[in-house]
Amino acid sequence: MVNQRGHHHLQSSRHRKSQFFSITLYVILIFALSIFSFMLYSKDVLEEDENNMPLLRVEKPSINKLLVSEYHTLATVGGIDFRILAKSNFRISGLLDGQLWQTPSSLGLRQCVKRTSKYRATPVSEHYMTVKTNGGLNQMRTGIADMVAVAHIMNATLVIPQLDKSSFWQDSSTFSNIFDESHFIKSLEKDVRIVKEIPKELESLPRARKHFTSWAGLGYYEEMTVLWKEYQASYLHLVFIISLRVIHVAKSDSRLANNDLPLDIQRLRCRALYHALRFSPSIESLGKKLVERLRSRAQRYIALHLRYEKDMLSFTGCTYGLTVAESEELRIMREKTSHWKVKNIDPTEQREAGLCPLTPKEVGIFLKALGYPPSTLIYLAAGEIYGGETHLSELTSRFPNIVSKEMLASTEELKDFSNHASAALDYIVSIESDIFVPSYSGNMARALEGHRRFLGHRKTITPDSCIGKGLVDLGGEDVALLESRAGYDCAWRNPSTKTHFQNAYATHEENASAYSYRGDRCEQEVEKVMPMSSCMMWAESKMRRGIFANRGYKEEHLKECCEELRQVSSECRCKAVKEMMMEMPHRHVQMQRMMCSLPTKCQMSSCACPRFAYDD
């Protein structure tokens with residue numbers, strides 16, 4: 001019996017050892033397979049473009065160069081963002097002429113649009129997608145690029161999109177008036193089938209009118225292909241089986257997520273936006289002439305996108321520096337514009353939160369503080385400036401060499417270029433500029449910044465919209481001091497954060513203390529209401545897409561979230577939003593955009609909080 005027990009124990013021991021070796025071998029096999037899959041995927045990610053050359057020579061950033069902060073800037077920022085410069089404690093000190101105009105280092109990054117080896121073109125489809133775009137020129141451009149990707153995902157033939165004719169601009173332009181239609185179709189023929197119009201035999205057939213979900217991902221659109229399947233319809237008690245052939249997309253902007261998409265879908269968006277959506281030959285021709293005429297005046301020029309139009313100021317409620325009559329005119333305009341939901345706006349609150357465009361005066365002070373000389377040639381990419389010469393003179397008095405397309409081209413040349421076509425001319429001149437400076441981070445500013453980065457990391461300077469308050473509120477004496485010391489030491493600080501403006505005003509410690517005090521007070525306020533659990537739960541529920549998303553559940557949390565946010569004073573709310581973002585595990589662009597929109601959703605402000613750079 002002892003021998004039998006010993007024999008049984010020996011067999012068990014051998015069995016356990018055999019199991020151990022099997023498990024070990026299995027784990028090693030899985031690990032090796034994972035490494036192989038990763039290397040295979042990396043091959044596609046790192047696949048080189050046709051030219052196999054970087055757009056720019058890679059330089060090692062020097063510690064004494066202005067753009068050393070490139071390591072600290074966000075991926076979406078081209079050039080200098082003074083909010084981030086402040087975080088890295090970088091100090092601007094007497095910039096040399098070469099540094100003012102110097103192209104940022106590419107850091108080895110280059111265009112990434114080539115199809116990977118896994119890419120499969122969409123087969124010819126008898127299902128059609130019609131699209132009605134919305135918004136201004138750049139909003140429509142990005143929307144069209146997204147719809148190209150959506151048509152590819154849903155295996156649909158895309159009909160040339162209709163441009164927005166009912167928005168503020170009241171522009172009657174067609175697609176072919178603004179874009180090169182033939183080039184658009186030809187350049188994307190390997191990606192998606194595009195036709196100029198829907199076949200005649202399909203015009204009378206029923207079509208599904210869809211408002212696709214905002215920021216939807218790949219899975220959402222794959223689910224939407226169920227629309228192509230047969231469905232039942234009844235008429236006079238008779239049942240018909242209908243195969244849906246046409247989907248009409250009623251809105252194109254923000255329909256596709258920015259992140260978590262397959263690599264080839266992202267590259268398709270880039271091909272559509274930067275290669276296929278070329279402006280019409282007439283716009284391209286005049287745009288190139290304007291650039292040539294600028295180059296004949298000066299070797300280098302700045303393109304300034306000055307957002308100081310009447311509709312912009314009315315919508316945002318930004319009236320700083322305006323007369324009482326002008327402020328009242330803007331208020332009446334906002335009241336009469338039905339689709340602008342927020343009517344009662346506190347201008348001071350907007351300005352303190354950094355939600356207003358810089359005024360012409362602030363832009364002039366800003367450029368002079370950087371060290372650009374008064375003789376600098378500046379192209380004004382803008383609509384009609386509110387108040388005309390009265391307000392624009394506060395910029396031209398500092399930089400008299402300012403021109404617009406109306407000064408570079410004759411009335412005869414410009415007669416066929418208005419609204420969207422006029423914006424397209426500004427876009428071309430801004431793309432080709434040595435420096436691009438937007439006074440407000442809107443659709444055109446972001447589109448140009450991205451396109452310039454794509455074309456070779458061309459320099460973009462994005463001022464923090466809070467700096468205007470720090471400059472002008474210090475008083476006329478300080479403004480004069482600033483302008484007389486173009487090379488002074490400074491590190492711009494956002495006054496809504498804990499730190500104060502650290503600048504050259506050594507004799508104005510009381511101003512610095514005031515900013516510091518407000519920053520400390522904001523931190524104390526936010527600390528009392530954190531963690532703002534309802535806002536956290538609302539954000540998480542918003543990220544749940546598809547049929548499992550409970551709309552009522554989200555709205556309930558949003559109401560509770562707004563109540564939590566109202567416990568914080570107006571000037572500290574964006575600080576609270578940032579603190580919530582820092583606590584969240586998902587720090588991608590979509591989540592940040594959603595959280596920054598909280599003041600708007602809660603009807604506390606007409607504008608969202610500015611995007612944040614993470615401290616870590």
Side-chain angles (χ1 to χ4, degrees), residues 55-56 66-67 69-85 100-107 109-113 135-146 253-254 258-259 266 269-270 272-275 277 279 287 291 300-307 312 354-355 357-358 363 366-367 370 378-382 423-467 492 588-590 592-593 596 608 610-613:
L55 289 174
L56 293 176
L66 173 63
L67 295 171
S69 62
E70 283 273 306
Y71 285 120
H72 304 286
T73 55
L74 296 174
T76 56
V77 176
I80 310 171
D81 185 326
F82 284 85
R83 287 166 290 187
I84 317 305
L85 285 174
L100 287 172
W101 299 94
Q102 186 180 30
T103 301
S105 169
S106 68
L107 300 179
L109 301 174
R110 59 174 177 268
Q111 293 180 4
C112 186
V113 295
L137 174 68
N138 294 287
Q139 197 171 343
M140 290 192 294
R141 286 181 73 251
T142 53
I144 291 168
D146 284 355
D253 73 314
S254 309
N258 285 331
N259 300 308
Q266 297 286 41
R269 295 168 96 175
C270 286
L273 189 59
Y274 299 135
H275 288 175
L277 278 172
F279 291 119
V291 173
R300 300 174 295 202
Y301 72 92
I302 293 174
L304 170 62
H305 184 44
L306 185 61
R307 291 307 312 272
M312 175 66 180
L355 302 176
L358 297 185
V363 172
F366 173 71
L367 291 175
L370 284 179
I378 298 177
Y379 175 82
L380 194 62
L425 290 175
D426 284 341
Y427 191 95
I428 292 172
V429 178
S430 298
I431 279 290
E432 297 300 326
S433 66
D434 299 274
I435 307 287
F436 174 62
V437 180
S439 67
Y440 184 78
S441 184
N443 288 316
M444 182 169 177
R446 290 192 291 268
L448 273 163
E449 188 175 2
H451 200 165
R452 287 171 63 82
R453 181 179 289 273
F454 180 81
L455 291 174
H457 299 269
R458 298 174 183 178
K459 192 169 188 173
T460 297
I461 301 178
T462 306
D464 188 328
S465 56
C466 286
I467 69 170
W492 301 116
H588 47 68
V589 175
Q590 186 178 348
Q592 191 182 74
R593 182 184 291 107
C596 287
R611 302 290 175 79
F612 302 114

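Position 1 is the first residue of the sequence, and the numbers go up from there.
By the 4.5 Å heavy-atom criterion applied to side chains, L306 and V363 are counted as neighbours. Under the 4.5 Å side-chain criterion, counting only non-hydrogen atoms from C-beta, R446 is in contact with N443. Two residues are said to be in side-chain contact when any heavy atoms from C-beta on lie closer than 4.5 Å; R458 and I431 meet this criterion. Looking at heavy atoms from C-beta onward, L367 lies in side-chain contact with I378 at the 4.5 angstrom threshold. Looking at I428 and F279, their side chains come closer than 4.5 Å, going by heavy atoms from C-beta outward.
Contact detail for D253 and Q139: the closest heavy-atom pair is OD2-NE2, 3.0 Å. When every heavy atom of H457 is checked against every heavy atom of L109, the shortest pair comes out as NE2-O, 3.3 Å. Among all heavy-atom pairs drawn from P463 and F366, the shortest one is CB-CZ, 3.5 Å. For the pair E449 and T462, the tightest heavy-atom approach, listed with the atom from each and the gap, is OE2-OG1, 3.9 Å.
Aromatic ring centres of F454 and Y274 lie closer together than 6.0 Å. Aromatic ring centres of H305 and Y440 lie farther apart than the 6.0 Å criterion allows.
Considering CZ of R452 and OG1 of T103, their distance stands at 9.0 Å, rounded to 0.5 Å. The structure places CG of L455 at 7.5 Å from CD of E432, a figure rounded to the nearest 0.5 Å. Going from atom OG of S433 over to atom CZ of R300 covers 13.0 Å, rounded to the nearest 0.5 Å. Rounding to the nearest 0.5 Å places CG of L425 at 10.5 Å from OG of S430. To the nearest 0.5 Å, the span separating OG1 on T460 from NE2 on H451 amounts to 12.0 Å.
By the salt bridge (Lys or Arg N to Asp or Glu O under 4.0 Å) test, R307 is found to be paired with E309, residues two or more places apart in sequence or in another chain being considered. Residues meeting the side chain to side chain contact (heavy atoms under 4.5 Å, CB included) test with A423, sequence neighbours left out: L137.
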What verdict does the side chain to side chain contact (heavy atoms under 4.5 Å, CB included) test give for N138 and Y427, after you've listed the backbone C-alpha separation in whole Å, the side-chain angles of each residue and the deciding distance to 0.1 Å? CA-CA 9 Å; N138 294 287; Y427 191 95; 3.1 Å; yes

Can you check salt bridge (charged side-chain N to carboxylate O under 4.0 Å, His left out) on D434 and K459, steps first, answer last? CA-CA 7 Å; D434 299 274; K459 192 169 188 173; over 6 Å; no

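Partner of Y379 under the side chain to side chain contact (heavy atoms under 4.5 Å, CB included) criterion, out of I302, L304, D426: D426 alone.
Here the side chain of Q266 pairs a donor or acceptor atom with the backbone of N258 at under 3.5 angstrom.
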